[in-house]
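Computed over heavy atoms, backbone and side chain alike; hydrogens, waters and symmetry mates excluded. Residues take their numbers from the sequence shown, with the count starting at 1. These numbers come from a predicted model, not from an experiment.
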Amino acid sequence: GAFFFIEIAKRTHILDSLANLIREISDDKMVQGVLVTFPLEFMIEGSSGFGTPLLMVAPLLRALGFPLILCATLPFICLISAIPYGALGTPIRLGFHIANDDIHHLSYSTSYVVLLFVYIAPMITALLIQHFDPKPRPLKKITAWIFMIATVYAFFNHWVSKLGPEFPALASSFFTFLIIILTRGWFFKKKPIRSIRGMKIYGALLLVFWIGKQIWLDEKIPGTPLR
């Protein structure tokens with residue numbers, strides 16, 4: 001499914017359209033790289049799972065003009081904070097008999113386990129981008145910006161994880177996405193966004209994915225414990 005999507009995306013220029021939406025938010029490579037590999041990548045993982053964003057984010061970074069070495073490495077760095085929730089959610093989808101209380105407890109505990117990576121991973125991403133695109137960005141500003149958006153993600157991730165393992169990456173990334181858009185001008189002195197079209201599309205997709213997964217998880221195949 002992922003390979004099929006990427007072929008369709010290339011032939012219909014979807015990747016170019018997504019890249020243009022990212023450029024519309026900011027022309028700074030720091031903002032673009034963190035936005036794509038942190039909240040956007042998490043949204044894809046939360047909606048599809050199975051490492052799908054690795055195949056989608058790398059071509060998107062390339063369409064944004066990132067060096068191949070960053071296209072190959074950046075998608076892996078941050079994803080470690082989102083993938084554990086898929087590993088917890090899969091047993092539910094496959095119909096294994098796991099008590100909901102146990103799943104919720106595991107999901108809630110996972111928010112503590114990934115907490116360190118939530119701060120370290122985007123910082124490593126930002127430093128790598130700075131190395132290959134050495135524009136005058138003070139390290140203090142970069143650190144403060146990363147700390148702020150990581151804290152936003154960690155807070156919402158911890159709160160949403162109480163509801164189960166299916167939505168922490170999806171919902172938390174949405175709020176982080178909005179914060180990045182709202183704060184990138186404070187730290188990197190960029191012009192205001194010309195349009196909020198991308199935000200509307202992102203919000204609509206999030207809502208559809210959320211409702212769809214909720215219906216899917218509640219629907220069982222008649223006569224079996226399988227969903």
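- The hydrophobic cluster of L68 has no other members, since no ILVMFWY side-chain heavy atom comes under 4.5 Å of it.
- Closest heavy-atom contact between A19 and A63: CB-CB, 3.9 Å.
- Rounding to the nearest 0.5 Å gives a distance of 12.5 Å between NZ of K141 and CG of L139.
- Nearest heavy atom pair, residue P84 against residue T110, reads CB-CG2, 3.8 Å.
- For F117, the CZ atom counts as loosely surrounded, since its 6.0 Å shell holds 12 or fewer non-hydrogen atoms of other residues, nucleotides or ligands.
- A search for ring pair (Phe, Tyr, Trp, His ring centres under 6.0 Å) contacts involving Y108 returns Y112, H158, not counting sequence neighbours.
- With rounding to the nearest 0.5 angstrom, the CG atom of L35 is 10.5 Å from the OG atom of S173.
- Sorted by first and then second residue, the ring-ring contact (aromatic ring centres under 6.0 Å, His included) pairs involving residues 9-38 (not counting sequence neighbours) are F38-F42, F38-Y153.
- When all heavy atoms of Q32 and S26 are compared, the pair lying nearest together is NE2-O, 2.9 Å.
- To the nearest 0.5 Å, atoms CG (L74) and CG (L79) are separated by 12.5 Å.
- Residues C78 and E41 share a closest heavy-atom pair of CB-OE1, 4.3 Å.
- Shown are I181, I179, I180; of these, the side-chain contact (heavy atoms from CB on, under 4.5 Å) with F177 is made only by I181.
- The backbone N or O of R23 sits nowhere less than 3.5 Å from a side-chain atom of D27 that would complete a donor-acceptor pair.
- No side-chain donor-acceptor contact under 3.5 Å links S111 to the backbone of N157.
- In the hydrophobic clustering of this structure, I80 does not group with M43; members are Ile, Leu, Val, Met, Phe, Trp, Tyr whose side-chain heavy atoms approach within less than 4.5 Å, directly or through other members.
- Residues I129 and L70 share a closest heavy-atom pair of CA-CD1, 4.3 Å.
- In the hydrophobic clustering of ILVMFWY residues, with side-chain heavy atoms under 4.5 Å counting as a link, I146 and F132 come out together.
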